[in-house]
Amino acid sequence: MLEFDKEHILHPYAPSVPTYDMELVKSAQGVYLELENGKKIIDGMSSWWSVIHGYNVPELNEAAAKQLSKMSHVMFGGLTHESAIDLAKTLIEITDENLEHVFFSDSGSVSVEVALKMAFQYWSSQGNKKKTKILSFYKGYHGDTFGAMSVCDPVTGMHGAFEAILHKNIFAQEPLCAFGQEWDEKYIEDFKEKMKCNHEEIAAVIIEPIVQGAGGMRMYSAEFLKRVRGVCDEYGVLLILDEVATGFGRTGKLFAYEHANVTPDILCVGKALTGGYMSMAATLTSKKVMEGIESNGNVLMHGPTFMANPLACAVANASLELLLSSPWKKRVLNIEAQLRDELTRCESLEIVKETRVLGAIGVVELNKEVDLAFMSKLFVEKGVWVRPFLNLVYIMPPFVTSKEELTHVTSAIFEVIQEFEVYIKK
Ligand SMILES: Cc1ncc(COP(=O)(O)O)c(C=O)c1O
């Protein structure tokens, strides 16, 4: 199987013949992935932020089976169904009261495309054809489709290859004030200046609230987000919050924007929406934005084949029910306390620049680029699944990870970085 995979199957951001050995996963249960050779490893990544309840969850399995016996899919044009209606109700209930309309799509990137379309159409439908740009931030990441790529950091956003054909947007300095750090107005100056000079062209500002994820795993001050909202209001520019990674409890709040008490005009969610069972995302917006889009007889121009897929909606409903009825906040805060406690010792290693933690997210930043092949292999040997990138070794474990399992992961992180330090010195 691995031979076939190597020859024919492409993997994310990887050469067609990978430079490292792929692991073959046979099954998964709780927080463990079982490899073909029988070895069980703890997933420290929640399969890229999504598997918040762990794997093979009876409640989610049951919801999927029940929905399968009714219908796994039906088109959403002209038809609707109970699972989508229930899910929309819940999303409207648990997000900001300003958000009243839900657009279901298949992935986080597409939810961002929809958000960008909403912002553009909001203005163009009302006759403003000048607002054709989005203001985004350096170190931001919003997905891999073309619209989403155009608002990712041009360097850390992994899309340098497409620069020549991407829509030219405006970028402001990344938030340089860390989460909990004392605020200074200087941190928002660049953004303010860019807005002042370009607001007539800017349809919306897009940002990942509180945590910039794939562009650098940076946790920033809630004050920054508050100021962003304030400046958007000052110039009448829409604010898109991309909670695809942070949504559903990851940062210790159900949605990261709650840290700053701000209201988005448009909100993107995905990843953990279905507890990582299947690909689904949603874009929510307000009555005001929807009315703007529909001015002069226009409608929002998007409609994927698998929009509001019933199977995904049913699993999402079960996942949200499970999350909201669980002590998720306590679990996330316990993980946060333990990560703070156990990752700090990495700072004693010469190669470590700093560690940072927020909610169930732990980051060890190195002052050297990681060696993915070397480190992944060692992690697996130590019974852990962690996938470092850039100069970052980071984890966002499932919320159900036990104290002992988490200690296993943090110990492995320390040991792997320590061995990496020795390896690069040779
Ligand atoms: C903040 C953010 N937005 C959007 C995306 C894209 O989501 P997807 O990979 O489901 O298309 C990601 C993926 O990592 C993300 O972290």
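This is a predicted model, so every value here is computed, not measured. For ligands, and for the atoms within them, numbers begin at 1 and follow the listed sequence.
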* Is it true that Lys271 lies under 4.0 Å from ligand 1, counting heavy atoms only? -> yes
* Before signing off on this row, confirm whether Glu208 and ligand 1 have an N or O atom pair separated by under 3.5 Å. => no
* Any idea which heavy atoms bring Met375 and Val393 closest together, and the distance? -> CE-CG2, 4.0 Å
* With heavy atoms under 4.0 Å as the rule, classify the contact between Tyr141 and ligand 1 as side chain, backbone, both or neither. => both
* For the residue pair Phe179 and His259, does the interplanar ring angle fall in the parallel (under 30°), tilted (30 to 60°) or perpendicular (over 60°) class? -> perpendicular
* Applying salt bridge (charged side-chain N to carboxylate O under 4.0 Å, His left out) between Arg227 and each of Glu185, Glu189, Glu234, report the one that passes. => Glu185
* To do: Please tell me if the side chains of Ile202 and Ile134 come closer than 4.5 Å, counting only heavy atoms from C-beta onward.
  => no
* Nearest-option assignment for atom 1 (C) of ligand 1, heavy atoms, candidates Leu273, Asp242, Val269 -> Asp242
* **atom 4 (C) of ligand 1 [closest protein heavy-atom partner, distance rounded to 0.1 Å]** => His142 O, 3.2 Å
* Asked: Judging by distance only, is a nitrogen or oxygen of Trp49 under 3.5 angstrom from one on ligand 1?
  -> no
* Asked: What are the two closest heavy atoms between Ala203 and Val237, and how far apart are they?
  -> O-CG1, 4.0 Å
* To do: For ligand 1, indicate whether the residue Ser109 contacts it via side chain, backbone, both or neither (heavy-atom separation under 4.0 Å).
  => both
* Structure fact -> Nearest heavy-atom approach of Tyr32 to Lys40 is CD2-CB, 4.0 Å
* Structure fact -> Sorted by chain and residue number, the ring pair (Phe, Tyr, Trp, His ring centres under 6.0 Å) partners of Tyr220 (sequence neighbours excluded) come out as Phe224
* What's the shortest distance from atom 10 (O) of ligand 1 to any protein heavy atom, and which residue and atom give it? -> Gly108 N, 2.9 Å
* Structure fact -> A student checking ligand 1 against Ala245 at a 4.0 Å heavy-atom cut-off should list atoms 16 (O)
* To do: State whether the shortest distance between N or O atoms of Val112 and N or O atoms of ligand 1 falls below 3.5 angstrom.
  => no
* Charged N-O contact under 4.0 Å between Glu34 and Lys26 -> yes
* **For Ser107, the ligand 1 atoms whose distance to one of its heavy atoms is below 4.0 Å** => 10 (O), 11 (O)
